[in-house]
2 protein chains.
Amino acid sequence: MGILERKEREREDMRRLILNAARELFLEQGYEKTSIRNIADVIEYSPATIYLYYKDKNELFFALHEEAFLKLMEELSSLQTIQDSFARLIEMGHRYIKFAVENPELYDLMFIMKAPIEALACRDEVWEDGLKSFGLLKWAIQECVTAGYFKNTDIEVSAITIWSYMHGLVSIYLKNRMSMFQDNQQLQRMQQSFVLFTKMIKETL
Amino acid sequence: MGILERKEREREDMRRLILNAARELFLEQGYEKTSIRNIADVIEYSPATIYLYYKDKNELFFALHEEAFLKLMEELSSLQTIQDSFARLIEMGHRYIKFAVENPELYDLMFIMKAPIEALACRDEVWEDGLKSFGLLKWAIQECVTAGYFKNTDIEVSAITIWSYMHGLVSIYLKNRMSMFQDNQQLQRMQQSFVLFTKMIKETL
DNA sequence: CAAATTTACTGAACAGTGTTTAGTAAACAA
DNA sequence: TTGTTTACTAAACACTGTTCAGTAAATTTG
């Protein structure tokens, strides 16, 4: 009975095909200007076909959101090689900013847009990707505590605080709310602020 | 020649009428589910009429965004009465969080959605509301420096850092990315984080 | 192998969206 | 009173996400 397996394979292939087209369009022209019909055009299938593989647009963008988390985790993976735990946390911050600036649409999908979270909600599942990356941050902080860099023991609260700062910084930038600075100064200001924040956590966490 | 003045008044009235309807619908059913046709229905005019008073949807939501800033500034106005400059800055933070939690749609409009900023961009004006409220934050920080609470003299960088943290905290919450905590714990965690952050800036800024 | 059934897909429709335009009726100016 | 401007709208355009009846091919059954 290899037929069922082949059909399952073909189904996965089709899901990939759709996802690849969706990603392409999404990344090159943004979420708002990407329609199911556009995606259907690219893969040369009818729009209705997409609904045989993804329940709705939210599910489709949830799948992309998962991919995005995979990419972020990949970019943070080589972090374990850094010995000093504080340096590691700082490098984690650098890469988080880099990821957000280089992949604004993916960042939006991961941490701002409703669509993926709505997809989760109506299947009432937990936000595993979020949990996992938040876990990584907590781990990095725990290591700093163990190494004696941080005294504060409530790692969860420390993690929220650090993540809030990081998310705020990049999303103010991504959503064009840094227009009080010249365009060419914005990234510089972010760097300056990041340096200040690292000093803050080093001295008081 | 009182006719021209009356017409101008009528024009303003109509803009108000549209804006009130838009605000009502927007606040009770969200941005995504509010259409020009819905607004037209409420005020009992044709959809096309709205376009005689607002260039497009972006302009309409820019007007609401301005209102929202007025409301935030109002909520922060009675702050000047607080004598101690550090206590004042902290209270400012409290009220910022309160505003965001109580007016999630307005907060979205002010700091996350593209629409209002796009309206600005295509008229190439500066983001005055943003500048003004950022100015208020800088003022509050300057007062803390003057009073000897803060040593750090780069107020602009301090302001970005504090605002980033505040914005991150509330927008993670508003965009439902705090699901790693039970629903009833989320606001508590935010408070705990805020307390930690106040300690951080008190000790190192 | 032929017939019956399942699977994969699509055209067309539904109910909406933002926006534009041609045309109309009322208000105003001459 | 005539001519012109103003305020408004019906209808259309080009879209959107989503559903569903119908079709043709693939697969299973007799």
Side-chain angles (χ1 to χ4, degrees), chain A residues 1-19 21-22 25-26 29-64 109 113-116 118-119 121-123, chain B residues 1-19 21-22 25-26 29-65 109 113-119 121-123:
Chain A
M1 267 275 172
I3 282 181
L4 276 178
E5 286 148 23
R6 194 206 64 209
K7 294 235 164 173
E8 185 53 41
R9 240 184 3 254
E10 280 173 354
R11 196 178 160 75
E12 273 318 304
D13 288 351
M14 192 62 165
R15 281 175 68 93
R16 280 244 88 82
L17 188 68
I18 294 168
L19 213 61
L25 287 176
F26 182 55
Q29 60 185 353
Y31 172 74
E32 298 217 315
K33 278 165 192 156
T34 303
S35 69
I36 300 287
R37 278 175 180 82
N38 292 158
I39 299 168
D41 281 352
V42 169
I43 61 173
E44 294 177 296
Y45 276 87
S46 145
T49 301
I50 291 174
Y51 288 87
L52 301 172
Y53 296 89
Y54 291 95
K55 195 183 134 281
D56 55 24
K57 218 188 173 189
N58 283 353
E59 287 287 341
L60 186 51
F61 285 108
F62 176 76
L64 282 175
L109 211 42
M113 278 174 49
K114 290 186 205 162
E118 271 173 8
C122 82
R123 289 189 285 168
Chain B
M1 267 274 170
I3 281 180
L4 276 180
E5 286 149 24
R6 195 206 63 206
K7 295 234 166 175
E8 185 52 42
R9 237 180 11 249
E10 281 174 354
R11 196 177 160 74
E12 273 317 305
D13 287 352
M14 191 62 165
R15 280 174 69 93
R16 280 244 90 81
L17 187 70
I18 294 169
L19 213 60
L25 287 176
F26 182 55
Q29 59 184 357
Y31 172 73
E32 298 215 314
K33 280 165 191 156
T34 302
S35 69
I36 300 288
R37 279 175 179 82
N38 293 157
I39 298 168
D41 280 353
V42 169
I43 60 173
E44 294 177 295
Y45 276 86
S46 145
T49 300
I50 291 173
Y51 287 88
L52 301 172
Y53 295 90
Y54 290 96
K55 195 182 132 281
D56 55 24
K57 219 189 172 188
N58 282 354
E59 286 286 343
L60 186 50
F61 285 108
F62 175 77
L64 282 177
H65 143 284
L109 210 44
M113 279 174 49
K114 289 186 205 160
I117 296 296
E118 272 173 7
C122 81
R123 289 189 284 168

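Just so it is clear, the values below take in all heavy atoms, side chains as well, and ignore hydrogens, waters and symmetry mates. The chains referred to below are lettered A, B, ... by the order of the sequence lines, with proteins before strands, and numbering in each begins at 1.
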Under 3.5 Å: donor-acceptor pair, side chain of B/Arg15, backbone of B/Tyr53:
yes

From CZ of B/Arg11 across to P of D/dT6 the rounded distance in Å is 11 Å

| Considering only heavy atoms from C-beta outward, does the side chain of B/Pro116 approach that of B/Asn58 to under 4.5 Å? | no

request  = Measure from the ring center of B/Phe61 to the ring center of B/Phe26 and say whether it is less than 6.0 Å.
outcome  = yes

Atom NZ of B/Lys57 and atom P of D/dT16 are separated, to the nearest Å, by 16 Å

- Is there a donor-acceptor contact under 3.5 Å from the side chain of A/Thr49 to the main chain of A/Tyr45? no

For B/Ile50 and B/Ile36, the nearest pair of non-hydrogen atoms, with its separation, is CD1-O, 3.6 Å

Comparing nearest nucleotides in DNA chain D, the 5'-proximal residue of the pair B/Arg37, B/Glu10 is B/Glu10

A/Asn58 CG to D/dG17 C1', in whole Å, measures 11 Å

When rounded to whole Å, the CD1 to C1' distance for the pair A/Ile36 and D/dT19 reads 13 Å

Separation of D/dA21 atom C1' from A/Leu52 atom CG, nearest Å, is 14 Å

In whole angstroms, the gap separating P of C/dA22 from OH of B/Tyr51 amounts to 18 Å

To the nearest angstrom, the CD1-P distance between A/Ile50 and C/dG11 comes to 13 Å

When rounded to whole Å, the CG to C1' distance for the pair A/Asp56 and D/dT16 reads 14 Å

Taking only side-chain N and O atoms of B/Ser46, does any of them lie within less than 4.0 angstrom of OP1 or OP2 on D/dC8? no

ask   = D/dT9 phosphate, OP1 or OP2: any side-chain N/O from B/Tyr45 under 4.0 angstrom?
value = no

Looking across every strand, which nucleic acid part, if any, lies under 4.0 Å from A/Tyr54 by heavy atom: base, sugar-phosphate, or nothing? nothing

Using only side-chain N and O atoms of A/Thr49, determine if any of them is under 4.0 Å from OP1 or OP2 of C/dC9.
-> no

Walking DNA chain C from its 5' end, the first of A/Ala48 and B/Asn38 to be reached, judged by nearest nucleotide, is A/Ala48

